[in-house]
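Worksheet for the structure shown next.
Numbers for residues simply follow the sequence, beginning at 1.
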Amino acid sequence: MNAWIAIGATVLGCYAVKLAGLLVPAGVLERPVVRRLAALLPVALLAALTAQQTFADGHTLVLDARAAGLGAAALALVLRAPFLVVVGAAVLVTAGVRALAG
């Protein structure tokens, strides 16, 4: 039963956020600060999620094959590789480091 309460609360929360977004006046959304925040916020959230998934294991800080894969992806990005090459480099390096370590 607790799962259904959590699902219901999530549904209501998502609806409230969507409704709040629709109720914001258009003049507020056209301000330069709001536009800049809207452009930068997804990048910051994605970077935080990437860091958390790469360097955390529960409540501990780890440095393992995922960090090597992230480094390979960053290097491929610096070299302006296509997206699929970036993902492929990250996968190959992560798998290679795990294979050598295990």
Side-chain angles (χ1 to χ4, degrees):
M1 185 65 177
N2 288 338
W4 286 110
I5 293 171
I7 291 170
T10 303
V11 167
L12 290 174
C14 289
Y15 183 77
V17 168
K18 181 77 170 182
L19 183 63
L22 292 173
L23 294 176
V24 173
V28 172
L29 298 176
E30 294 173 3
R31 293 181 184 164
V33 173
V34 175
R35 285 183 181 262
R36 183 148 172 83
L37 180 65
L40 294 177
L41 192 59
V43 175
L45 289 174
L46 185 59
L49 178 63
T50 301
Q52 193 273 334
Q53 291 293 313
T54 302
F55 300 112
D57 187 18
H59 292 290
T60 59
L61 184 64
V62 295
L63 191 62
D64 59 3
R66 296 175 292 180
L70 183 63
L75 179 64
L77 283 172
V78 168
L79 296 175
R80 301 199 184 279
F83 180 72
L84 288 178
V85 174
V86 172
V87 172
V91 168
L92 290 174
V93 169
T94 302
V97 170
R98 283 190 179 175
L100 291 174

Check your understanding: Honestly curious: do Leu61 and Leu70 fall in one hydrophobic cluster under the side-chain, below-4.5 Å linking rule?
Key -> yes
Tell me the side chain to side chain donor-acceptor pair (under 3.5 Å) pairs involving [range], sequence neighbours left out?
| range | answer |
| --- | --- |
| residues 89-102 | none |
| residues 65-87 | Asp64-Arg66 |
| residues 36-53 | none |

With [X] via side chain to side chain contact (heavy atoms under 4.5 Å, CB included) - residues at least two apart:
| X | answer |
| --- | --- |
| Val24 | Val28, Leu29 |
| Val86 | Ala73, Ala76, Leu77, Ala81 |
| Ala67 | Thr54, Phe55, Leu63 |
| Thr60 | Asp57, Val62 |

**Study point:** Euclidean distance, Leu41 CG relative to Leu46 CG, rounded to 0.5 Å
**Key:** 11.5 Å
Please write out which residues are connected to [X] in a hydrophobic cluster, directly or through intermediates, given that two of Ile, Leu, Val, Met, Phe, Trp, Tyr count as joined at side-chain heavy-atom separations below 4.5 angstrom.
| X | value |
| --- | --- |
| Val43 | none |
| Leu79 | Leu75 |
| Leu23 | Tyr15, Leu19 |
| Val87 | Phe83, Val91 |

Review point. Shortest non-hydrogen contact from Val93 to Gly69?
Key: CG1-N, 4.0 Å
Exercise for review: Could you list all the salt bridge (charged side-chain N to carboxylate O under 4.0 Å, His left out) pairs where at least one residue sits in residues 15-32, not counting sequence neighbours?
Suggested key: none
